[in-house]
A.B. asks: 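I'd like to ask you about the structure that follows.
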Amino acid sequence: MTSEHLMQLIERAKDARERAYAPYSRFAVGAALLTTSNEVFCGCNVENLSYGLTSCAERNAVFAAVQAGQRRFTAVAVVADSKAPVTPCGACRQVLAEFGLDLVVISANLQGATYETGIAELLPRAREGILGT
């Protein structure tokens with residue numbers, strides 16, 4: 001992925017973040033998921049008074065992509081207004097890992113700091129367990 005493509009993905013995540021519904025935490029997050037066919041699907045976090053019902057930006061992007069028939073992803077950008085770039089939560093890591101352990105995760109904040117890692121690094125042994133392969 002070129003630096004230009006990386007910046008475009010981050011910009012799409014920033015745009016998605018603007019549509020977040022975060023009245024309780026006031027912590028808006030946006031995500032942009034790149035498919036192997038170069039389509040981008042975005043998501044934002046949607047909170048609920050019952051925090052357990054909150055849906056993260058990353059999972060909303062994955063769910064939108066799957067609904068559109070996409071299941072092969074190359075990268076996801078996650079953007080929040082935080083001091084340091086944030087990485088996906090554990091639930092999002094597991095959902096992202098479901099679709100491939102070679103996924104690149106780009107975390108960014110609004111100040112321009114970025115951090116790049118892989119989903120396999122964020123969630124080692126993701127495919128092990130009672131249902132793992």
Side-chain angles (χ1 to χ4, degrees):
M1 172 180 288
T2 67
S3 60
E4 182 180 331
H5 287 112
L6 173 73
M7 292 311 296
Q8 289 174 353
L9 198 61
I10 290 170
E11 286 303 315
R12 295 285 301 271
K14 283 182 183 178
D15 290 344
R17 182 190 163 277
E18 293 297 320
R19 293 184 292 281
Y21 179 74
Y24 306 105
S25 72
R26 306 250 188 265
F27 191 70
V29 181
L33 182 66
L34 179 65
T35 69
T36 56
S37 60
N38 289 320
E39 291 183 75
V40 176
F41 291 87
C42 296
C44 61
N45 58 319
V46 179
E47 292 183 349
N48 188 277
L49 181 60
S50 174
Y51 261 36
L53 300 178
T54 294
S55 187
C56 297
E58 301 92 313
R59 282 181 280 151
N60 284 335
V62 169
F63 300 157
V66 170
Q67 188 279 327
Q70 297 293 320
R71 294 191 177 156
R72 298 185 64 215
F73 313 121
T74 59
V76 63
V78 182
V79 175
D81 187 9
S82 52
K83 184 175 180 177
V86 296
T87 59
C89 74
C92 289
R93 291 175 188 197
Q94 190 67 58
V95 169
L96 290 164
E98 178 72 18
F99 296 96
L101 296 175
D102 57 346
L103 182 75
V104 174
V105 178
I106 301 113
S107 301
N109 66 14
L110 297 181
Q111 294 75 38
T114 61
Y115 172 75
E116 186 176 317
T117 188
I119 196 64
E121 182 181 347
L122 290 174
L123 189 65
R125 301 175 64 186
R127 303 265 171 129
E128 295 180 21
I130 61 170
L131 299 178
T133 55

A.B. asks: Pairs in or reaching into residues 116-125: which pass salt bridge (Lys or Arg N to Asp or Glu O under 4.0 Å), with residues at least two apart or in two chains?
C.D. replies: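 Non-adjacent pairs meeting salt bridge (Lys or Arg N to Asp or Glu O under 4.0 Å): Arg125-Glu128.
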A.B. asks: Do you reckon Val105 sits in the same ILVMFWY cluster as Met7, going by side-chain contacts under 4.5 Å, direct or chained?
C.D. replies: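 They do not share one cluster, since no chain of ILVMFWY contacts under 4.5 Å joins Val105 to Met7.
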A.B. asks: Is Ile119 linked to Val66 within one hydrophobic cluster, defined over Ile, Leu, Val, Met, Phe, Trp and Tyr using a side-chain heavy-atom separation of less than 4.5 Å?
C.D. replies: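 Yes; tracing contacts between hydrophobic side chains, which count when under 4.5 Å, links both residues.
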A.B. asks: Among pairs that include at least one residue of residues 74-96, which meet ring-ring contact (aromatic ring centres under 6.0 Å, His included), considering only residues two or more places apart or in two chains?
C.D. replies: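 Those involving residues 74-96 do not exist here.
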A.B. asks: Nearest 0.5 Å, what's the CD1-OG1 distance between Ile106 and Thr114?
C.D. replies: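 With rounding to 0.5 Å, CD1 (Ile106) is 8.5 Å from OG1 (Thr114).
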A.B. asks: Provide the full list of side chain to side chain donor-acceptor pair (under 3.5 Å) pairs with a residue in residues 55-66, sequence neighbours left out, each pair given once.
C.D. replies: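 Sorted result for residues 55-66: Ser55-Asn60.
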A.B. asks: How would you list, by chain and number, every residue that makes a side chain to side chain donor-acceptor pair (under 3.5 Å) with Thr2, sequence neighbours excluded?
C.D. replies: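 Side chain to side chain donor-acceptor pair (under 3.5 Å) list for Thr2, sorted by chain: His5.
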A.B. asks: Just grab all the salt bridge (Lys or Arg N to Asp or Glu O under 4.0 Å) pairs involving residues 14-33, residues at least two apart or on different chains.
C.D. replies: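 Found Glu11-Lys14.
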A.B. asks: Is there a path of hydrophobic side-chain contacts, each under 4.5 Å between heavy atoms of I, L, V, M, F, W or Y residues, that connects Val79 with Leu6?
C.D. replies: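 Yes, because Val79 and Leu6 connect within a single hydrophobic cluster, where side-chain heavy atoms sit under 4.5 Å apart.
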A.B. asks: Name the atoms and distances for all side-chain donor-acceptor pairs under 3.5 Å in residues 31-39, with sequence neighbours left out.
C.D. replies:
residue : atom : partner : partner atom : Å
Thr35   : OG1  : Ser37   : N            : 3.3
Thr35   : OG1  : Ser37   : OG           : 3.1
Thr35   : OG1  : Asn38   : N            : 3.4
Thr35   : OG1  : Glu39   : N            : 2.9
Thr35   : OG1  : Glu39   : O            : 3.3
Ser37   : OG   : Glu39   : OE2          : 3.4
Ser37   : OG   : Gln70   : OE1          : 3.4
Glu39   : OE2  : Gln70   : NE2          : 3.0

A.B. asks: With sequence neighbours left out, write down each residue that passes side chain to side chain donor-acceptor pair (under 3.5 Å) with Ser25, or none if nothing qualifies.
C.D. replies: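 In terms of side chain to side chain donor-acceptor pair (under 3.5 Å), with neighbours along the sequence ignored, Ser25 is linked to Glu47.
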A.B. asks: Under 4.5 Å between any side-chain heavy atoms of Val95 and Glu98, yes or no?
C.D. replies: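 No, every pair of side-chain atoms sits at 4.5 Å or beyond.
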A.B. asks: Only pairs at least two apart or in different chains count here, so list each ring-ring contact (aromatic ring centres under 6.0 Å, His included) that has a residue in residues 47-77.
C.D. replies: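 Non-adjacent pairs meeting ring-ring contact (aromatic ring centres under 6.0 Å, His included): Phe73-Phe99.
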A.B. asks: Write down the atom of Ala77, the atom of Ala13, and the distance for their closest heavy-atom approach.
C.D. replies: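 Closest approach of Ala77 to Ala13, heavy atoms only: O-CB, 3.7 Å.
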A.B. asks: At what distance, to the nearest 0.5 angstrom, does CG of Leu96 lie from SG of Cys56?
C.D. replies: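 Output value for this atom pair is 10.0 Å.
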A.B. asks: Treating Asn45 as the side-chain partner and Val29 as the backbone partner, does any N or O pair qualify as donor plus acceptor under 3.5 Å?
C.D. replies: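 Checked: pair present.
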A.B. asks: Under 3.5 Å, which donor-acceptor pairs do the side chains of residues 81-91 form with other protein atoms, sequence neighbours left out?
C.D. replies:
residue : atom : partner : partner atom : Å
Asp81   : OD1  : Gln111  : NE2          : 3.3
Ser82   : OG   : Ala84   : O            : 2.6
Thr87   : OG1  : Arg93   : NH2          : 2.8

A.B. asks: Quick one, Val104 and Thr74 - any side-chain contact, counting heavy atoms below 4.5 Å?
C.D. replies: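 No - every pair of side-chain heavy atoms lies 4.5 Å or more apart.
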A.B. asks: Which ring-ring contact (aromatic ring centres under 6.0 Å, His included) pairs, counting each pair once, include a residue from residues 8-29, with sequence neighbours left out?
C.D. replies: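 Sorted result for residues 8-29: empty, none.
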A.B. asks: Which residues pass the side-chain contact (heavy atoms from CB on, under 4.5 Å) test with Ala120, sequence neighbours left out?
C.D. replies: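 Testing Ala120 for side-chain contact (heavy atoms from CB on, under 4.5 Å), a comparison that skips the adjacent residues, returns Leu101.
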A.B. asks: Please enumerate all residues that pass side-chain contact (heavy atoms from CB on, under 4.5 Å) together with Asn48, with sequence neighbours excluded.
C.D. replies: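 With sequence neighbours excluded, Asn48 shows a side-chain contact (heavy atoms from CB on, under 4.5 Å) to Ser50, Leu53, Thr54, given in chain and number order.
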A.B. asks: Taking a hydrophobic cluster as the set of Ile, Leu, Val, Met, Phe, Trp and Tyr residues connected by side-chain heavy atoms closer than 4.5 Å, whether directly or through intermediates, do Val40 and Val78 fall within one such cluster?
C.D. replies: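 Looking at the clustering, Val78 is in a separate group from Val40.
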